[in-house]
A.B. asks: 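What follows is a single structure, and I will ask about it in a moment.
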Number of protein chains: 2
Amino acid sequence: MDDHVSGKGLKRAELARRTGCNLETIRYYEKITMMPEPPRTAAGYRVYDERHVARLRFILRGRELGFSIDDLRGLLGLVDGGRQTCAGIKAMTERHLADIRAKIADLQRIEAVLDSTAAQCSGEQVPECPVLEALAAR
Amino acid sequence: MDDHVSGKGLKRAELARRTGCNLETIRYYEKITMMPEPPRTAAGYRVYDERHVARLRFILRGRELGFSIDDLRGLLGLVDGGRQTCAGIKAMTERHLADIRAKIADLQRIEAVLDSTAAQCSGEQVPECPVLEALAAR
DNA sequence: CTTGAGTCTGTAGTGACTGCAGACCCTATT
DNA sequence: AATAGGGTCTGCAGTCACTACAGACTCAAG
């Protein structure tokens, strides 16, 4: 073991497990500079610590909330720079919130169409299916 | 002009305009066999007719409603084959509806998080921004 | 000392497009 | 008839955010 101090020095798989991130995605985030290059063991194995865990969780959570990689780069830039203009973050969040709401509205419209057309389906083998007609209609 | 009969024989740009589809996407749909290869003029220009318009609208509408290309391939296969088992289509639609509903639920959860955290933003330049903390939290 | 699991690298594939370069072609104007 | 401009053709590269793989290496356990 390169480290035997309790809890310190995670390998890639361990970081993946602790964050729920896909193994390869960690390497990908490093490549696109979303994650810093971690120190390595003599053999070249990546060694992560708690700050890496926190940062990766931040990224994953942001992605879960629908922020793009670029949005998160902005957010992380603020964190890294230390000068967090809360107003800026708020504005960004609110833009994003508007996006989310638009998406919800879209999906609800789709839901209504699908729901009403599926309800009309007899299940029989008929030449015209209401779902197909709903798709064809304009 | 290759055709001068009213309304017949659309060129690619015209099909794009009439359906709202991107010009290149038409060619893409042809390549992945979602759209049939249309007849060509002597010079090699694609010539579309009303059936192409209808089919492309069907595809675009389906995509708008969140069906994948593969879903639509299935749907179109039924249409093309003539043997439309309405029950099958209904089942597919209902699976898809469940997906849509799950997506709506997800987005609403995200909306709630973003909304409440953005609301806490003072707009001042503080060391800790609630949005950032919401992201970091787990 | 071997075996099996984990890690390393670079690269290719995914889905659903979108964009571009360079060669043709067609129409209208000079 | 020559030319200028648009539209169209082709193949291929790029996008986004990953995900998967092949082949070489390293490490700990039996």
Side-chain angles (χ1 to χ4, degrees), chain A residues 1-4 9-35 37-48 52 55-76 96 99 103 106, chain B residues 1-4 9-35 37-48 52 55-76 96 99 103 106:
Chain A
M1 274 278 178
D2 281 62
D3 66 301
H4 37 89
L10 311 168
K11 273 181 282 175
R12 192 151 59 102
E14 223 162 342
L15 178 60
R17 196 187 48 74
R18 299 244 315 231
T19 56
C21 186
N22 175 293
L23 190 63
E24 295 299 305
T25 303
I26 292 172
R27 211 154 62 86
Y28 170 70
Y29 283 159
E30 184 181 323
K31 200 176 107 196
I32 64 169
T33 70
M34 286 294 285
M35 288 290 286
E37 290 187 30
R40 307 273 188 135
T41 65
Y45 285 19
R46 290 168 179 84
V47 182
Y48 299 100
H52 293 103
R55 191 186 177 100
L56 184 51
R57 279 191 181 144
F58 184 101
I59 296 167
L60 294 173
R61 179 102 173 105
R63 294 286 304 128
E64 215 175 283
L65 293 180
F67 287 100
S68 74
I69 291 285
D70 254 17
D71 287 342
L72 291 173
R73 231 189 273 276
L75 251 21
L76 283 165
H96 187 55
D99 280 3
K103 266 184 202 154
D106 277 2
Chain B
M1 273 280 177
D2 282 65
D3 67 301
H4 36 88
L10 312 168
K11 273 182 282 178
R12 191 150 60 102
E14 223 162 341
L15 177 60
R17 197 187 48 75
R18 299 242 317 229
T19 57
C21 186
N22 175 293
L23 190 62
E24 296 298 306
T25 303
I26 293 172
R27 209 155 61 85
Y28 170 71
Y29 283 159
E30 184 181 321
K31 201 177 106 197
I32 63 169
T33 70
M34 286 295 286
M35 287 291 286
E37 289 186 31
R40 305 275 188 132
T41 65
Y45 285 18
R46 289 169 179 83
V47 182
Y48 298 99
H52 293 102
R55 190 187 176 99
L56 184 50
R57 280 193 179 143
F58 184 101
I59 295 166
L60 294 173
R61 180 101 172 104
R63 293 286 304 128
E64 215 175 283
L65 293 181
F67 287 100
S68 75
I69 291 285
D70 254 17
D71 287 342
L72 291 173
R73 230 189 274 277
L75 252 20
L76 283 166
H96 186 55
D99 280 2
K103 266 183 202 155
D106 277 2

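First the proteins, then the strands, lettered A, B, ... as listed; each starts at 1.
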A.B. asks: Within this structure, what is the CD1-to-P distance between A:I59 and D:dC16, rounded to whole angstrom?
C.D. replies: 17 Å
A.B. asks: If the cut-off is 4.0 Å, is A:N22 near the phosphate of D:dA17, judged by side-chain N/O to OP1 or OP2?
C.D. replies: no
A.B. asks: B:R12: what forms a side-chain hydrogen bond (donor to acceptor under 3.5 Å, both in side chains) with it, not counting sequence neighbours?
C.D. replies: none
A.B. asks: Going from CZ on A:R57 to SG on A:C21, what distance comes out if it is rounded to the nearest 0.5 angstrom?
C.D. replies: 11.5 Å
A.B. asks: About how many Å separate CZ of A:R46 and CD of A:E14, when rounded to the nearest 0.5 Å?
C.D. replies: 15.0 Å
A.B. asks: Listed by chain and number, what are the side-chain hydrogen bond (donor to acceptor under 3.5 Å, both in side chains) partners of B:R40, not counting sequence neighbours?
C.D. replies: none
A.B. asks: Between D:dC9 atom C1' and B:I26 atom CD1, what is the distance in whole Å?
C.D. replies: 14 Å
A.B. asks: For A:I32 and D:dT19, what is the distance between atoms CD1 and C1' respectively, to the nearest whole Å?
C.D. replies: 13 Å
A.B. asks: Tell me, with the steps shown, if B:E30 and B:R27 meet salt bridge (charged side-chain N to carboxylate O under 4.0 Å, His left out).
C.D. replies: CA-CA 5 Å; B:E30 184 181 321; B:R27 209 155 61 85; over 6 Å; no
A.B. asks: Got a donor-acceptor contact below 3.5 angstrom from the A:T25 side chain to the A:Y28 backbone?
C.D. replies: no
A.B. asks: Is the shortest side-chain N/O distance from A:T25 to OP1 or OP2 of D:dC18 below 4.0 Å?
C.D. replies: no
A.B. asks: I need a per-nucleotide contact map over nucleotides 5-16 of chain C, read 5' to 3'. Cutoff is protein heavy atoms under 4.0 Å; write B for the base, S for backbone only, - otherwise.
C.D. replies: -BSSBBB----B
